[in-house]
Amino acid sequence: MSNDQNPFKKIEEAMKKMSESEKNKNTQKVPEADPKVKVIKPKKVVDVKRYAKMIIMLTVAFAVVVILLSNLFIVKENEYRVVRQFGEITRIVKEPGINMKIPFIQSVSVLPKNQMTYNVQEAEITTKDKKRIIIDNYAVWHITDPGKMISNARNIVNAEARLGEFIYSVVRNEMGRLNYVDVVNDEDSGRGSLNDRVTEKVNDFLADGNFGIEVVDVRMKRIDLPEENEQSIYTRMISERQSTAQSYLSEGDAEKRKIEAETDREVQEMLAKAKKEAAIVTAQGEAEAAKIYNDTFAKDPEFYNLYRTLQSYSKVVDDETMIILPSDSPYAKLLTGYLK
């Protein structure tokens with residue numbers, strides 16, 4: 001493009017000429033005013049068009065800045081940002097940071113990335129033995145794929161509604177396999193890992209439906225009885241506890257008898273053993289005494305005879321004994337003191 005055709009060059013030359021004419025006006029000598037003549041200065045003319053253009057430009061610039069700032073959005077660490085254009089999802093921002101959308105065409109919505117708690121509505125369920133109970137559950141869940149969640153559930157409210165339906169269905173099936181006592185008794189092993197099984201099966205249903213959400217855990221908050229069943233259950237529980245107590249008492253009584261019998265047997269064995277040892281010691285002592293007596297009496301047989309005679313007297317004669325003996329009998333002579 002030549003200089004003659006360049007509009008910016010022409011504008012530049014025109015501005016130079018205007019500046020030179022202004023300089024010339026300023027350098028011209030002003031004639032000295034006659035003191036008798038009153039000089040009237042012309043009023044300064046305001047360039048309205050120029051100020052209007054400046055105002056319009058500033059307004060446009062401010063509007064552009066406002067539009068740019070209003071279409072910036074910040075993605076936090078605990079959220080997803082879904083960008084829609086005419087209602088259709090164009091992109092999902094998962095990483096934290098500053099992003100921008102197209103003004104007036106695109107809109108942005110927020111989905112939580114962190115775990116959420118959903119309180120499942122309590123429901124009445126029938127156990128295997130045809131007992132009715134009221135179950136109150138809660139679930140901890142989070143969004144794994146925002147696109148699938150929006151496509152199949154639309155929003156969080158619908159997603160939680162479907163989640164509640166799946167939990168109720170799975171819990172009803174699992175409870176239908178257990179007896180009432182197994183459900184009520186927390187110590188009963190029949191209940192097992194019920195919460196883990198429910199969580200696994202609910203996640204299978206969610207995966208089959210491509211809902212883009214996942215359950216972290218399903219737990220039971222409360223298990224209640226219908227009012228009409230409470231009294232019968234309490235009566236049954238009391239009966240079971242009494243039966244268990246009686247069983248413990250019977251076992252204790254049997255153990256007591258067993259211990260007493262064992263103790264009596266041990267005592268009898270100890271007494272028999274002690275009597276046997278005592279008899280042996282007594283026999284040995286008597287044998288030793290007899291031996292000593294024999295050895296002693298063998299040294300003087302006459303003394304032995306006298307000793308045995310005196311012993312017989314002590315056993316035969318007492319205060320009421322009457323003895324009739326011939327006068328010439330040795331026994332009478334001995335009693336009368338005749339020793340020859």
Side-chain angles (χ1 to χ4, degrees), residues 1-3 5-12 14-15 46-121 138-169 199 201-218:
M1 182 182 293
S2 62
N3 292 335
Q5 296 177 352
N6 190 350
F8 294 101
K9 187 67 175 178
K10 294 179 179 180
I11 293 171
E12 186 178 355
M15 291 180 67
V46 179
D47 192 353
V48 178
K49 293 183 180 180
R50 182 180 178 186
Y51 285 107
K53 290 181 180 179
M54 292 178 61
I55 293 173
I56 292 171
M57 292 175 63
L58 291 175
T59 303
V60 171
F62 180 75
V64 171
V65 172
V66 169
I67 291 172
L68 290 176
L69 292 178
S70 62
N71 286 276
L72 291 175
F73 60 92
I74 299 175
V75 181
K76 299 180 181 179
E77 294 181 354
N78 62 342
E79 65 183 13
Y80 300 107
R81 290 287 181 139
V82 181
V83 181
R84 289 183 172 90
Q85 184 171 328
F86 302 113
E88 298 294 331
I89 298 175
T90 58
R91 60 193 172 106
I92 297 175
V93 184
K94 300 180 180 180
E95 299 298 326
I98 300 175
N99 294 268
M100 188 173 182
K101 66 181 180 67
I102 300 175
F104 309 111
I105 298 177
Q106 294 181 341
S107 61
V108 180
S109 59
V110 182
L111 289 176
K113 186 186 292 186
N114 55 319
Q115 294 182 354
M116 294 169 285
T117 302
Y118 173 61
N119 291 315
V120 184
Q121 186 177 4
Y138 75 91
V140 179
W141 67 285
H142 64 99
I143 300 172
T144 56
D145 192 331
K148 292 181 180 179
M149 197 278 289
I150 294 173
S151 299
N152 295 285
R154 296 299 178 187
N155 51 46
I156 292 178
V157 175
N158 293 337
E160 289 183 340
R162 298 306 302 273
L163 181 61
E165 293 175 0
F166 292 147
I167 292 175
Y168 171 74
S169 176
T199 302
K201 291 185 178 181
V202 170
N203 280 327
D204 291 340
F205 283 128
L206 294 173
D208 293 339
N210 289 324
F211 286 98
I213 62 177
E214 182 182 11
V215 175
V216 179
D217 196 8
V218 177

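Residues take their numbers from the sequence shown, with the count starting at 1. Note that this is a predicted model, so its numbers are computed, not measured.
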K.L.:
Side-chain contact, heavy-atom cut-off 4.5 Å: H142 with K113?
P.N.:
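No; the side chains remain at least 4.5 Å from each other.
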K.L.:
To the nearest 0.5 Å, tell me how far I213 CD1 sits from L206 CG.
P.N.:
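Answer for the CD1-CG pair, I213 versus L206, is 4.5 Å.
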K.L.:
In Å, rounded to the nearest 0.5 Å, how long is the span from CD of Q115 to CD of E214?
P.N.:
9.5 Å
K.L.:
What pair of heavy atoms forms the shortest contact from I92 to G147, and how long is it?
P.N.:
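Closest approach of I92 to G147, heavy atoms only: CD1-N, 3.4 Å.
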K.L.:
According to ring pair (Phe, Tyr, Trp, His ring centres under 6.0 Å), who are the partners of F205, at least two apart in sequence or on a separate chain?
P.N.:
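With neighbours one apart ignored, the set is F166.
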K.L.:
Apply side chain to side chain contact (heavy atoms under 4.5 Å, CB included) to the pair V218 and V120, showing each step before the final yes or no.
P.N.:
CA-CA 10 Å; V218 177; V120 184; over 6 Å; no
K.L.:
Would you check if N114 and E77 make a side-chain contact, meaning some heavy-atom pair closer than 4.5 Å?
P.N.:
no
K.L.:
Might you confirm whether atom CG of L69 has over 12 heavy atoms from other residues, nucleotides or ligands at distances under 6.0 Å?
P.N.:
yes
K.L.:
For residues T144 and Y80, report the shortest heavy-atom separation together with the two atoms involved.
P.N.:
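Smallest heavy-atom distance, with atoms named: O-OH, 4.4 Å.
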K.L.:
Hey, could you give me the OG1/CD1 distance between T90 and I105, rounded to the nearest 0.5 Å?
P.N.:
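Separation between the atoms: 11.0 Å.
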K.L.:
If you round to the nearest 0.5 Å, how far is OG of S107 from CG of N71?
P.N.:
11.0 Å
K.L.:
So, for Y138 and N119, which heavy atoms are closest and what is the spacing to 0.1 Å?
P.N.:
CB-OD1, 3.6 Å
K.L.:
Do you know the tightest heavy-atom contact between N203 and V215?
P.N.:
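For N203 versus V215, the nearest heavy atoms are OD1-N, 2.7 Å.
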K.L.:
Heavy atoms, side chains only, cut-off 4.5 Å: are M54 and M57 in contact?
P.N.:
no
K.L.:
What heavy-atom pair brings E160 and T117 nearest, and what distance separates the two atoms?
P.N.:
OE2-O, 4.5 Å
K.L.:
Which residue pairs pass the salt bridge (Lys or Arg N to Asp or Glu O under 4.0 Å) test with at least one member in residues 84-108, sequence neighbours excluded?
P.N.:
none
K.L.:
Give the intermediate values and the outcome of side chain to side chain contact (heavy atoms under 4.5 Å, CB included) for residues N99 and R81.
P.N.:
CA-CA 10 Å; N99 294 268; R81 290 287 181 139; over 6 Å; no
K.L.:
Roughly how far, to the nearest 0.5 Å, is CD1 of I156 from CH2 of W141?
P.N.:
5.5 Å
K.L.:
Enumerate the residue pairs fulfilling side-chain hydrogen bond (donor to acceptor under 3.5 Å, both in side chains) with a member in residues 145-158, sequence neighbours excluded, ordered by first and then second residue.
P.N.:
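Checked against side-chain hydrogen bond (donor to acceptor under 3.5 Å, both in side chains) - neighbours excluded - the pairs reaching residues 145-158 are N155-N158.
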K.L.:
What's the separation between atom CG in L163 and atom CZ in F211, rounded to the nearest 0.5 Å?
P.N.:
10.0 Å
K.L.:
For L72, does the CG atom sit with more than 12 other heavy atoms under 6.0 Å from it, leaving out its own atoms?
P.N.:
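For L72, atom CG is crowded (more than 12 foreign heavy atoms under 6.0 Å).
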K.L.:
Is it the case that the side chain of S169 and the backbone of E165 share a donor-acceptor pair, with hydrogens and angles ignored and the cut-off at 3.5 Å?
P.N.:
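Not a single qualifying donor-acceptor pair exists.
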K.L.:
How close do P112 and I143 get, counting heavy atoms only, and between which atoms?
P.N.:
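Closest pair (atom of P112, atom of I143, distance): O-CD1, 3.6 Å.
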